[in-house]
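Every value quoted in this text rests on a predicted model; they were computed, and no experiment measured them.
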Amino acid sequence: MAADSKRERIILALIARLHGLGWVRTVARRPYAYAEELDSFAQTQFPVVSLLAQLPKPEQERRAGAGKEFVSTLDVDLYVFALEASTPDAALSSMLDDLWRALFQDRRLGGLALDLTVLPETEAAHRPPYVGAWLRARVTYVHDHLGM
């Protein structure tokens with residue numbers, strides 16, 4: 001794995017932004033499909049954000065000096081899990097509102113991206129004792145022919 005790839009730097013910038021939210025206790029880079037998998041976390045590690053970046057999709061290719069550069073999109077799935085609150089819907093609204101603001105705080109991710117947007121693909125889930133939500137961010141960025 002290219003530890004310094006542009007894709008990896010984008011992911012790390014998103015993780016740093018998530019950690020900047022006061023309520024995020026854990027960011028994991030793997031999916032959690034079942035409530036039983038969440039049981040491996042201690043209660044003190046919640047809320048948990050699971051981040052899973054897809055593979056970049058080259059959208060445009062162009063010449064750049066002696067090589068080529070690509071404009072690619074990178075979809076990043078963010079799953080937010082919290083322990084069930086007395087008002088789970090209000091807890092989800094608060095967390096997603098904070099997450100939305102954090103993602104749009106700097107849509108260029110400090111110069112790593114051309115743009116970041118949140119796609120209208122969201123979903124909420126209530127699986128006692130957990131409450132969760134999912135959203136997808138799309139990052140558009142430029143990279144050369146040597147790596148993603």
With Asp115, which residues qualify under salt bridge (Lys or Arg N to Asp or Glu O under 4.0 Å), at least two apart?
-> Arg107

Give the C-alpha distance, both sets of side-chain angles, the deciding distance and a yes or no for side chain to side chain contact (heavy atoms under 4.5 Å, CB included) between Asp98 and Trp23.
-> CA-CA 9 Å; Asp98 287 349; Trp23 51 266; 2.9 Å; yes

Glu8 side chain to Ser5 backbone, donor-acceptor under 3.5 Å = no

Minimum heavy-atom distance between Pro56 and Pro58, given as atom pair plus value | O-CD, 3.6 Å

Side chain to side chain contact (heavy atoms under 4.5 Å, CB included) evaluation trace for Tyr130 with Leu83 | CA-CA 5 Å; Tyr130 307 106; Leu83 292 173; 3.7 Å; yes

Output all residues satisfying side chain to side chain contact (heavy atoms under 4.5 Å, CB included) with Ala90, sequence neighbours left out; order by chain, then residue number.
-> Thr87

Check the hydrophobic clustering (I, L, V, M, F, W, Y; side-chain heavy atoms under 4.5 Å; chains of links allowed) and say if Leu135 and Val48 are grouped together.
-> no

Locate the shortest heavy-atom distance separating Leu92 from Ala133; write the atom from each residue and the value.
-> CD2-CB, 3.7 Å

Output yes when a side-chain donor or acceptor of Arg17 lies under 3.5 Å from a complementary backbone atom of Ala102, and no otherwise.
-> yes

Applying side-chain contact (heavy atoms from CB on, under 4.5 Å) between Leu74 and each of Leu55, Thr140, Ile10, Leu116, report the one that passes.
-> Ile10

Indicate, with yes or no, if Leu112 and Ile11 share a hydrophobic cluster defined by side-chain heavy-atom contacts under 4.5 Å among Ile, Leu, Val, Met, Phe, Trp and Tyr.
-> yes

Are the side chain of Ser40 and the backbone N or O of Glu37 linked by a donor-acceptor pair below 3.5 Å?
-> yes

Could you list the residues that satisfy side-chain hydrogen bond (donor to acceptor under 3.5 Å, both in side chains) with Thr73, not counting sequence neighbours?
-> Glu59

Can you name the side-chain hydrogen bond (donor to acceptor under 3.5 Å, both in side chains) partners of Gln60, sequence neighbours left out?
-> none

What residue pairs, at least two apart or across chains, pass ring-ring contact (aromatic ring centres under 6.0 Å, His included) with a residue in residues 97-122?
-> Trp100-Phe104

Of all residues at least two apart in sequence or in a different chain, which pass the salt bridge (Lys or Arg N to Asp or Glu O under 4.0 Å) check with Arg62?
-> Glu69

Look only at the side chain of Ser50 and the backbone of Arg30, and say whether a donor-acceptor pair between them is shorter than 3.5 Å.
-> yes

Transitive ILVMFWY side-chain link Val139 to Phe70, under 4.5 Å = no

Nearest-0.5 Å distance that lies between atom CZ in Arg25 and atom OG1 in Thr44 | 9.0 Å

Same cluster or not: are Val76 and Leu21 linked, directly or through other Ile, Leu, Val, Met, Phe, Trp or Tyr residues, by side-chain heavy atoms under 4.5 angstrom apart?
-> yes

Side chain to side chain, Asp77 and Gln54, heavy atoms closer than 4.5 Å | yes

Hey, do the aromatic rings of Phe81 and Phe41 have their centres closer than 6.0 Å?
-> no

Please test Leu109 against Leu14 for side chain to side chain contact (heavy atoms under 4.5 Å, CB included), starting from the C-alpha separation and ending with a verdict.
-> CA-CA 8 Å; Leu109 295 173; Leu14 290 171; 4.0 Å; yes

Spatial distance of atom CG (Leu18) from atom OG1 (Thr26) [nearest 0.5 Å] = 11.5 Å

Below 4.5 Å, heavy atoms only, C-beta onward: do Leu78 and Arg136 meet side chain to side chain?
-> no

In the single-linkage hydrophobic clustering (I, L, V, M, F, W, Y; side-chain heavy atoms under 4.5 Å), do Val118 and Leu51 co-cluster?
-> yes

Side-chain donor or acceptor of Arg7 paired with backbone N/O of Gly147 under 3.5 Å | no

Could you check Phe46 against Leu38 for side chain to side chain contact (heavy atoms under 4.5 Å, CB included), going step by step and ending with a plain yes or no?
-> CA-CA 10 Å; Phe46 283 92; Leu38 294 171; 4.3 Å; yes

Identify whether the distance between the nearest side-chain nitrogen and carboxylate oxygen of Lys57 and Asp75 falls below 4.0 Å.
-> yes

Is there a donor-acceptor contact under 3.5 Å from the side chain of His126 to the main chain of Val131?
-> no

So, Thr117 side chain and Arg138 main chain: donor-acceptor pair closer than 3.5 Å or not?
-> no

Please round to the nearest 0.5 Å and tell me the distance separating atom OG of Ser72 and atom CE of Met148.
-> 6.0 Å

Salt bridge (charged side-chain N to carboxylate O under 4.0 Å, His left out) between Asp144 and Lys68, worked out | CA-CA 6 Å; Asp144 63 24; Lys68 294 181 180 178; over 6 Å; no

Could you tell me whether the side chain of Val24 reaches within less than 4.5 Å of the side chain of Pro47, counting heavy atoms only?
-> no

